[in-house]
Chemist: 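Got a structure for you, questions after.
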Amino acid sequence: MDKRLEAVGRLLDIMDELREKCPWDRKQTFDSLRMNTIEETYELADAILDHDLNEIRKELGDLLLHVVFYSKMGSEQQAFDLGDVANGICDKLVFRHPHVFGDTQADNAEQVKQNWEDIKLKEKAQAHEKKRVLSGVPRSLPAMVKAYRIGEKAASAGFDWEKREDVWAKVREEIGEVQHEIDARDRRRTETEFGDLFFALINAARLYGVDPEAALEQSNRKFIERFAHIEDRAEQQGLTLRKMTLEQMDALWNEAKIRENR
């Protein structure tokens, strides 16, 4: 037997045992596992950002366990099992890749993506679902990821800037509207305009081929590392942050930046 199939079979056997004999595993439901699954997905995302192949392998295992767990619960309700899940995605992949398994032509990744979106809309029409371009964006996605996917899907329908440079006029417009509402001291409208500004910036990132979630996470990590440097240097000097001046902290911040570039 293929070692991969053997390993999956072993995991299925272990899941059967756990579901039968472990009080915690026996107690779980689709609803109770949902947040754990989201957490595991973020842990995988962290490993990917770290480019840590060993951690990626481990986190993929944790996520695979969840797929098997949900499939086990589905089989208990006689709704579906892991075979149904696997066959479902196989059928979808074959159907949505006619340039591989059929006669459709696609010479680059953008054409593949456009074909994919067109096929998804046709699937909805065949299922008699209302044909909405944005209906495939999951409601529970984090706001930044959701904004990026909305922009992608709208663009696939032709609703996008003709030239990517044109997006900066929209960004400048939104900055002006944020400033206007701040000056007007309208808290509700200020929040709305900040949202519009973020949405415009996320679209700008998309147009320039930048993943805004990954870009912001890099900035988060950079800030954490630089701030930790300030704390460490302050401790070495016998100081506490609250007793330091902003100028002192700025000097240590710049020191951390210089260290990064060595």
Side-chain angles (χ1 to χ4, degrees), residues 33-67 70 89 92-93 96 108-114 116-117 120 132-161 163-175 177-178 190-229 253 256-257 260-261:
L33 277 181
R34 177 177 174 273
M35 289 307 299
N36 299 72
T37 307
I38 292 171
E39 183 179 335
E40 294 296 351
T41 305
Y42 276 112
E43 289 178 1
L44 172 60
D46 282 345
I48 291 170
L49 282 173
D50 291 337
H51 301 288
D52 188 330
L53 292 178
N54 191 48
E55 278 302 307
I56 290 172
R57 175 185 60 80
K58 291 178 182 178
E59 297 304 339
L60 283 171
D62 291 342
L63 209 50
L64 178 59
L65 170 61
H66 281 247
V67 173
Y70 288 121
I89 189 60
K92 182 186 289 186
L93 287 171
R96 292 189 181 176
N108 55 57
E110 280 305 311
Q111 287 182 1
V112 172
K113 186 188 289 188
Q114 185 61 57
W116 181 281
E117 295 295 342
K120 284 166 71 174
R132 300 281 193 190
V133 171
L134 302 180
S135 59
V137 180
R139 289 175 298 165
S140 57
L141 277 179
M144 182 176 288
V145 179
K146 184 188 285 188
Y148 189 89
R149 290 293 291 129
I150 288 170
E152 275 191 323
K153 285 186 170 289
S156 73
F159 190 72
D160 207 1
W161 285 269
K163 297 184 295 183
R164 65 182 184 178
E165 294 84 2
D166 295 342
V167 72
W168 297 113
K170 184 63 175 175
V171 170
R172 288 190 291 270
E173 175 189 329
E174 297 299 347
I175 291 173
E177 291 179 1
V178 167
T190 298
E191 180 179 298
T192 297
E193 296 303 339
F194 262 114
D196 291 346
L197 174 57
F198 294 152
F199 193 83
L201 284 169
I202 289 166
N203 271 293
R206 173 181 60 81
L207 289 165
Y208 282 85
V210 172
D211 178 348
E213 181 75 19
L216 181 57
E217 180 55 21
Q218 287 177 30
S219 293
N220 289 340
R221 294 184 179 201
K222 184 164 57 180
F223 187 95
I224 290 169
E225 289 170 5
R226 290 177 183 175
F227 200 80
H229 176 78
W253 179 272
K257 287 173 67 175
E260 288 172 5
N261 296 324

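All residue numbers in this chain count up from 1 along the given sequence.
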Chemist: Between Ile150 and Phe199, which heavy-atom pair has the shortest distance, and what is it?
Modeler: CG2-CZ, 4.0 Å
Chemist: Would you give the length of the straight line joining atom CG of Leu216 to atom CG of Leu201, rounded to the nearest 0.5 angstrom?
Modeler: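 Taking CG in Leu216 and CG in Leu201, the distance rounds to 11.0 Å.
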Chemist: Please lay out, stage by stage, how Phe159 and Val133 fare under the test side-chain contact (heavy atoms from CB on, under 4.5 Å).
Modeler: CA-CA 11 Å; Phe159 190 72; Val133 171; over 6 Å; no
Chemist: What are the two closest heavy atoms between His229 and Ala256, and how far apart are they?
Modeler: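 What the structure gives for the nearest pair is CD2-CB, 3.5 Å.
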Chemist: Just verifying a value: how many Å separate Lys170 NZ and Leu197 CG, rounded to the nearest 0.5 Å?
Modeler: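 These two atoms lie 10.5 Å from each other.
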Chemist: Ignoring hydrogens and angles, write down the donor-acceptor pairs under 3.5 Å from the side chains of residues 39-46, residues two or more places apart or on other chains.
Modeler:
residue: Thr41; atom: OG1; partner: Thr37; partner atom: O; Å: 2.8

Chemist: Quick one: does Glu59's side chain get under 4.5 Å of Asp52's, heavy atoms only?
Modeler: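 Not in contact.
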Chemist: Counting only heavy atoms not in Glu165, do more than 12 fall under 6.0 Å of its CD?
Modeler: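 Yes, CD of Glu165 has more than 12 neighbouring heavy atoms, counting only those of other groups under 6.0 Å.
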Chemist: So does Ala205 get a backbone contact from the side chain of Tyr148, meaning a donor-acceptor N/O pair under 3.5 Å?
Modeler: no
Chemist: Atom NE2 in His66, atom CZ in Arg34: separation rounded to 0.5 Å?
Modeler: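 His66 atom NE2 to Arg34 atom CZ measures 13.0 Å (nearest 0.5 Å).
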Chemist: Quick check against the 3.5 Å criterion: does Lys146 have a side-chain atom that pairs as donor or acceptor with the backbone of Ser140?
Modeler: no
Chemist: Quick check on Arg164: does its CZ atom have over 12 non-hydrogen neighbours (other residues, nucleotides or ligands) under 6.0 Å away?
Modeler: yes
Chemist: Going through the distances and angles, do Val171 and Glu174 end up as a side-chain contact (heavy atoms from CB on, under 4.5 Å)?
Modeler: CA-CA 5 Å; Val171 170; Glu174 297 299 347; 5.9 Å; no
Chemist: Measuring from atom CG of Asp196 to atom CD1 of Ile175, what distance do you get when rounded to the nearest 0.5 angstrom?
Modeler: 12.5 Å
Chemist: Just verifying a value: how many Å separate Lys222 NZ and Lys257 NZ, rounded to the nearest 0.5 Å?
Modeler: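 Going from NZ on Lys222 over to NZ on Lys257, the span is 8.5 Å.
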Chemist: Taking the side chain as C-beta and beyond, is there a heavy-atom pair between Ile89 and Lys92 under 4.5 Å?
Modeler: yes
Chemist: Would you find more than 12 non-hydrogen atoms of other residues, nucleotides or ligands less than 6.0 Å from Tyr208 atom OH?
Modeler: yes
Chemist: If every non-hydrogen atom of Phe227 is compared with every non-hydrogen atom of Trp253, which pair is closest and at what distance?
Modeler: N-CZ3, 4.2 Å
Chemist: Please determine if Arg221 and Glu217 form a salt bridge, counting it only when a charged side-chain N lies under 4.0 Å from a carboxylate O.
Modeler: yes
Chemist: Rounded to the nearest 0.5 Å, how far does CZ of Phe198 lie from CD1 of Ile202?
Modeler: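 Output value for this atom pair is 8.5 Å.
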Chemist: Test your reading of the model: is there a side-chain donor-acceptor pair from Asp160 to the backbone of Ser156, 3.5 Å cut-off?
Modeler: no
Chemist: Of all the heavy-atom pairs spanning Val167 and Ala200, show the shortest one and how long it is.
Modeler: CG2-O, 4.0 Å
Chemist: Who pairs with Glu55 by salt bridge (charged side-chain N to carboxylate O under 4.0 Å, His left out), at least two apart in sequence or on another chain?
Modeler: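 With neighbours one apart ignored, the set is Lys58.
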